[in-house]
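What follows is a set of notes on a single structure, which appears directly below.
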Amino acid sequence: MTNKIGILGIGSYLPEKVLSNIDLELMVDTSDEWIKERTGISYRRIAEKDVSTSDLAYEASKEALKMANLKPEDIDLIIGATVTPDMLFPSTACLVQKKLNAFNAACFDLSAGCTGFIYALICAHEFVKSGMYKNVLVFGAETLSRIVDWEDRNTCVLFGDGAGACVVGRVNEGGVISKILGADGTKSDLLYLPAGGSREPASFETVKGKKHFIRMNGREVFKFAVSIIEEMVIKMSNQSGCQIEKIDYFVPHQANIRIIDSAFKRLRVPFDKVIVNLDKYGNMSAASIPVALDEAVRTGKIKKGDKIMLLGFGAGLTWGGVLIEWGV
Ligand code: ACO
């Protein structure tokens, strides 16, 4: 048995409905020019009213299973990464299991903000490495449109809905080379959703106070994001002995083009090595990295043998990265 562990198949799904900057101009005091210049975003996808996170995750998971050439019953574990679960419990992973008929799988969700997919990917890696499970389905899926205050121009222009998924297992070629995870709970107040949990259960007051929507200190998150991307790239390069110049592609969390620009400029990485799709989808939290990776693989940009660095950061604050050689 090979001791390499990697991605056997990947998939993504985006809702059809498109919300453009021009549409947003009619909703809040903003402009296409401001949004493009300050964030790089032009469009985002919005799930229809009767569609929830598990529906998006289900569609992405089907694609990942197809590429991995596996049946739902081959999956031993499903790990869901989301900040917008269908409900507080049961886990969205259980709801996806039901839709897929993946009845041999154990299921759980984890909460790590926009770093959720990286946390889930590393968990999956460790479950496979320990020998407990063979095939682990991981998804990063979000319906952020449900927790965005559509009257707040500071946040509503940034986010979108979507899902990405992958199957992790033993591979003959390629696989995970290096990984990193971190968190700083002292900065939990930079990005949060105040109500709906045990601290402030839903009430008339919480709804009136708009406490079921994202709260964010944009400037502080921005500064953190730029420095943590740089730190993770250097750490994983040192850890693996793989020089930064030898990495073929970087897939950072898709929060803001200016974050990505600043971080990779500081690292002297040419921009054509950085996968960016935030212009089309905005920030999809845990879904951003797997969607960007899936698109780059399916369009032939990322090929077998390429060394790819995935870089996540988000609420918590949390961060995480994976250096992987693409083997599919
Ligand atoms: N349209 C027009 N003007 C706006 C808009 C808008 N949509 N949003 C804010 N402004 C205004 C502000 O009101 C402010 O006006 P003022 O100076 O009169 O007060 C001005 O623009 C500048 O505001 P800043 O907050 O300083 O703008 P900045 O250039 O920092 O951009 C942004 C704000 C885009 C939020 C940026 O800080 C950012 O991208 N931060 C990181 C956010 C992020 O990555 N969040 C997600 C993390 S991932 C996760 O876990 C969900």
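All ligand and atom numbering here is 1-based and tracks the order in the structure.
Of all atoms in ligand 1, numbered sequentially from 1 with element shown, those under 4.0 Å from a heavy atom of Met216 are 35 (C), 42 (C), 43 (C), 45 (N), 46 (C). Close approach to Gly314 involves these atoms of ligand 1, each under 4.0 Å from a residue heavy atom: 50 (O). Which parts of ligand 1 touch Asn256 is read off a 4.0 Å heavy-atom cut-off, strictly below it: atoms 34 (C), 36 (C), 38 (C), 39 (O). Each of the following atoms of ligand 1 lies closer than 4.0 Å to a heavy atom of Phe159: 51 (C). Near Val221, with a cut-off below 4.0 Å to any heavy atom, the atoms of ligand 1 are 43 (C), 44 (O), 45 (N), 47 (C). Against a heavy-atom cut-off of under 4.0 Å, Val157 is close to the following atoms of ligand 1: 7 (N). Close approach to Thr39 involves these atoms of ligand 1, each under 4.0 Å from a residue heavy atom: 34 (C). The ligand atoms of ligand 1 that sit less than 4.0 angstrom from a heavy atom of Ala255 are 44 (O).
Which of Ile259, Asp152, Asn154 comes nearest to atom 9 (C) of ligand 1 through a heavy atom is settled by distance: it is Asn154. Closest heavy-atom approach to atom 25 (O) of ligand 1 within the set Arg38, Glu25, Arg219: this belongs to Arg219.
Within 4.0 Å of atom 46 (C) of ligand 1, at least one protein heavy atom is present. Within the 4.0 Å cut-off (strictly below), no protein heavy atom is located near atom 19 (O) of ligand 1. Under the 4.0 angstrom criterion, atom 14 (C) of ligand 1 counts as lacking any protein heavy-atom contact.
Contacts between Leu191 and ligand 1, counted as non-hydrogen atom pairs separated by less than 4.0 Å, involve the side chain only. Counting heavy atoms under 4.0 Å from ligand 1, residue Val83 does not touch it at all.
A distance-only check finds a donor-acceptor pair linking the side chain of Asn104 to the backbone of Glu73 [under 3.5 Å].
In Lys211, the NZ atom is not crowded: 12 or fewer heavy atoms of neighbouring residues, nucleotides or ligands sit closer than 6.0 Å. The neighbour count for Phe204 CZ, taken as heavy atoms of other residues, nucleotides or ligands under 6.0 Å away, does not exceed 12.
Close N/O approach between Arg153 and ligand 1 is found [any backbone or side-chain N/O within under 3.5 Å]. Below 3.5 Å of separation, one finds an N or O of Arg258 facing an N or O of ligand 1.
Note that CD1 of Ile10 and CG of Leu293 are 3.5 Å apart. Values are rounded to the nearest 0.5 Å. Here the OG1-CD1 distance, from Thr318 to Ile118, works out to 10.0 Å after rounding to the nearest 0.5 Å.
Side-chain N/O atoms of Ser240 and Ser178 include no donor and acceptor closer than 3.5 Å. Defined by atom type and a distance below 3.5 Å, a donor-acceptor pair is missing between the side-chain atoms of His253 and Thr115. Thr143 and Asp161 form no side-chain donor-acceptor contact under 3.5 Å, judged by distance and modelled atom types alone.
The closest protein non-hydrogen atom to atom 50 (O) of ligand 1 is Cys114 SG, 2.6 Å. The nearest heavy-atom contact from the protein to atom 1 (N) of ligand 1 is Thr30 OG1, 2.6 Å. Protein heavy atom nearest atom 41 (C) of ligand 1, with residue, atom name and distance: Gly218 O, 3.4 Å.
You'll find the side chain of Phe264 reaches within 4.5 Å of the side chain of Ile229, heavy atoms only. Between Asn256 and Phe222 the shortest side-chain heavy-atom distance falls below 4.5 Å.
Classification of the Phe127-Tyr133 ring pair by plane angle, with boundaries at 30° and 60°, yields tilted.
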